[in-house]
Amino acid sequence: MSTVKRVAVTGAAGQIGYSLLPLIASGGIFGPNQKVALQLLEVTPVLPALNGVRMELEDCAFPLLTEITCSDDPKAAFKNADLCLLVGSKPRGPGMERKDLLQDNGKIFIGQGRAIAEVAGPDVRVVVVGNPCNTNCLIAMHNAKGVPADRFTAMTRLDQNRAKAQLAGKAKKHWSTVKNVIIWGNHSNTQYPDWHHATIDGMPAQKAVNDDAWLTGAYLKTVQERGKAIIEARGKSSALSAAQAACDHARSLFTVTTKDDWASLCVISDGSYGTPEGVISGFPCTTDGKGNWKIVQGLAMNDFSKQKAAVSWKELVDEREMVKDLLG
Ligand code: NAX
């Protein structure tokens, strides 16, 4: 067993945190042979509730969990961290415009980006979950001076998992047989869950589904609006599935992911596929198991795909414009 991996989690007493912490502590990211320490961050008024979460974690007696620290100070939470999962952010309040949400939450990610640059481990990886996650990630990345941009990723894995489940259901196959779905663009309802390169049980998804009208209509809408449907059904936003997706995303960074079933990660755009440069956008990625990713190159995009992705890319550019004063 190698040295302890230090995992910082922000918003740790929130509903995603509550589902995510046991996944990390039981080896969901670094595997069953790697000890982990949890470094939990919350806002000051929520520290008593976070203490309750800590007590529950102790009561689980996880064999891999060596240490739990709780703090309202980002510099304490990110100290020597190998992985920072930035989940905490403010929910959208009544009557709040997207721009206000971007500005409000954006400020959180300025401070956290700076703290990561100052105190995190030399090989830190950062995964942003808190919404609007792509642009929050951009803000954290810009404010983490000296930390390479490719250390920052944002989560679109929940959308990828949702797309897999929808395709599998339609083709009457198990979701584990669905490979190579791509989520292009923003984690919002403009995202484009592209099935053109996907396979289901080894067959091209389009052929396995055999219903183009469903793919271009109900399928896209269901995946794009799944978050809303969960809120309507549960009265609360996705938490269990979001936690699992955060765990899947982080595990993809630290295990080898090949072209046989790439991971959709939101990463800094280098202009591949016509994506505007410098935004944090969803791409199909492979990973080397050491925290490094590469955008899969050379995939064909038809006019339908280009047009759908372009809508989401434009939204990312608009969001960047709205927070340009926060980009350090
Ligand atoms: P909760 O409101 O249950 O928890 C958020 C927690 O963050 C709260 O306990 C709050 O005190 C804490 N927090 C707020 N500001 C903080 C700060 N500056 N430092 C540390 N902690 C802070 O929300 P939850 O359901 O857990 O969702 C968390 C975030 O994930 C939200 O922004 C949500 O929109 C986002 N999501 C992102 C998804 C994705 O696919 N990228 C999907 C699920 C989820 O909607």
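These numbers come from a predicted model, not from an experiment. By convention here, the first residue in the shown sequence is residue 1.
In summary, the side chains of S312 and T190 do present a donor paired with an acceptor at a separation below 3.5 Å, with no hydrogens or angles considered. Side-chain atoms of E225 and N189 include no donor-acceptor pair closer than 3.5 Å. Side-chain polar atoms of D248 and Q160 form no donor-acceptor pair below 3.5 angstrom. Counted by atom type alone, T10 and E42 present zero donor-acceptor pairs between their side chains at under 3.5 Å. Counting only N and O atoms by type, the side chains of T177 and D201 include no donor and acceptor under 3.5 Å apart.
Following chains of ILVMFWY side-chain contacts shorter than 4.5 Å, one can reach V127 starting from V147, so the two form part of one hydrophobic cluster. With hydrophobic clusters built from ILVMFWY side chains whose heavy atoms lie under 4.5 angstrom apart, I230 does not share a cluster with Y219. By the rule that hydrophobic residues join a cluster once side-chain heavy atoms approach within less than 4.5 Å of another member, I116 and V43 end up as members of separate clusters. Hydrophobic cluster membership differs between V46 and I68, with clusters built from Ile, Leu, Val, Met, Phe, Trp and Tyr side chains linked at under 4.5 angstrom. Hydrophobic clustering places F254 together with V128 (ILVMFWY residues linked when any side-chain heavy atoms are closer than 4.5 Å, directly or through intermediates).
Checked by atom type and distance alone, the side chain of N134 never pairs as donor or acceptor with a backbone atom of L316 at under 3.5 Å. N105 places no side-chain N or O within donor-acceptor distance of the main-chain N or O of S89, the cut-off being under 3.5 Å. Without hydrogens or angle criteria, W175 side chain to R162 main chain gives no donor-acceptor distance under 3.5 Å. Checked by atom type and distance alone, the side chain of Q15 pairs as donor or acceptor with a backbone atom of S237 at under 3.5 Å. In this structure, the side chain of T156 does not engage the main chain of C266 through any donor-acceptor pair within 3.5 Å. A donor-acceptor pair is defined here as one N or O able to donate and one able to accept, closer than 3.5 Å; no such pair exists between the side chain of N186 and the backbone of S188. A distance-only check finds no donor-acceptor pair linking the side chain of T275 to the backbone of G271 [under 3.5 Å].
The closest side-chain heavy-atom distance from M322 to T135 is not below 4.5 Å. You'll find the side chain of F109 stays beyond 4.5 Å of the side chain of N143, heavy atoms only. By the 4.5 Å heavy-atom criterion applied to side chains, I139 and I110 are counted as neighbours. Between L253 and L265, some side-chain heavy-atom pair lies under the 4.5 Å cut-off. Side-chain contact between L215 and Q206: present, with at least one pair of heavy atoms (C-beta onward) separated by less than 4.5 Å. Side chains of V256 and T286 form no contact here, defined as non-hydrogen atoms less than 4.5 Å apart. Counting heavy atoms from C-beta outward, L64 and Q34 have side chains that stay 4.5 Å or more apart. Counting heavy atoms from C-beta on, the side chains of H196 and S305 come closer than 4.5 Å.
With salt bridges taken as basic N to acidic carboxylate O contacts below 4.0 Å, one links R151 and D123. Ion pairing of K179 with D260 is absent here, as no side-chain N (NZ or NE/NH1/NH2) approaches a carboxylate O to less than 4.0 Å. At a threshold of 4.0 Å, the pair D261-K164 counts as salt-bridged, since one of the basic side-chain nitrogens sits closer than that to a carboxylate oxygen. Here K99 does not pair with E319 in a salt bridge; the nearest charged N to carboxylate O distance is not below 4.0 Å. With respect to the salt-bridge test (charged N to carboxylate O, under 4.0 angstrom), the residues R114 and E118 do not qualify. A salt bridge does not link R6 to D82: none of the charged nitrogens lies less than 4.0 Å from a carboxylate oxygen.
Heavy-atom contacts from other residues, nucleotides or ligands closer than 6.0 Å to NZ of K145 number more than 12. Heavy atoms from other residues, nucleotides or ligands lying under 6.0 Å from CG of L23 number more than 12.
Ring to ring, F283 and W313 are not that close: their centroids are 6.0 angstrom or more apart.
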Checking side-chain contact (heavy atoms from CB on, under 4.5 Å) for the pair L299/W262: CA distance, chi angles, key distance, verdict?
CA-CA 12 Å; L299 300 172; W262 50 60; 3.7 Å; yes
Apply side-chain contact (heavy atoms from CB on, under 4.5 Å) to E277 and D270, showing your working.
CA-CA 5 Å; E277 271 184 55; D270 60 356; 5.5 Å; no
Determine, step by step, whether L65 and L38 satisfy the side-chain contact (heavy atoms from CB on, under 4.5 Å) criterion, reporting the C-alpha distance in whole Å, the side-chain angles of both residues, the deciding distance to 0.1 Å, and the verdict.
CA-CA 8 Å; L65 184 57; L38 286 172; 3.8 Å; yes
With side-chain contact (heavy atoms from CB on, under 4.5 Å) as the criterion, how do L21 and L40 come out once you've worked through the C-alpha distance, each side chain's angles and the decisive distance to 0.1 Å?
CA-CA 9 Å; L21 299 176; L40 311 179; 3.7 Å; yes
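The aromatic rings of W195 and Y192 sit perpendicular to each other, their planes meeting at more than 60°, with 30° as the lower class boundary. In this pair, Y273 and W184 present their aromatic rings perpendicular. The plane angle is above 60°, beyond the 30 to 60° band.
Here the OG-CD distance, from S272 to Q297, works out to 3.5 Å after rounding to the nearest 0.5 Å. Here D194 contributes atom CG and L220 contributes atom CG; the two are 9.0 Å apart, rounded to the nearest 0.5 Å. We find the CG-CD distance between L158 and Q244 to be 10.5 Å, quoted to the nearest 0.5 Å. Within the model, atoms CD of Q39 and OG1 of T69 stand 4.5 Å from one another, a figure rounded to the nearest 0.5 Å. With rounding to the nearest 0.5 Å, the separation of CD1 in I108 from CG in N136 is 7.5 Å. In this structure, CG on L102 lies 12.0 Å from CD on E321, to the nearest 0.5 angstrom.
Across every non-hydrogen atom of M301 and K306, the tightest pair is O-CE, 3.3 Å. Nearest heavy atoms, T153 versus H249: OG1-NE2, 2.8 Å. Taking each heavy atom of A77 and A8 in turn, the nearest pair found is O-CB, 3.3 Å. Taking all atoms of both residues into account, the shortest heavy-atom contact from V53 to A12 is CG1-O, 4.5 Å. The nearest pair of heavy atoms linking A250 to I29 is CB-CD1, 3.7 Å. Of all heavy-atom pairs spanning A242 and I16, the tightest one is CB-CD1, 3.7 Å.
The side-chain hydrogen bond (donor to acceptor under 3.5 Å, both in side chains) with T287 is formed by just one residue from the set T257, T255, T258, N292; it is T257.
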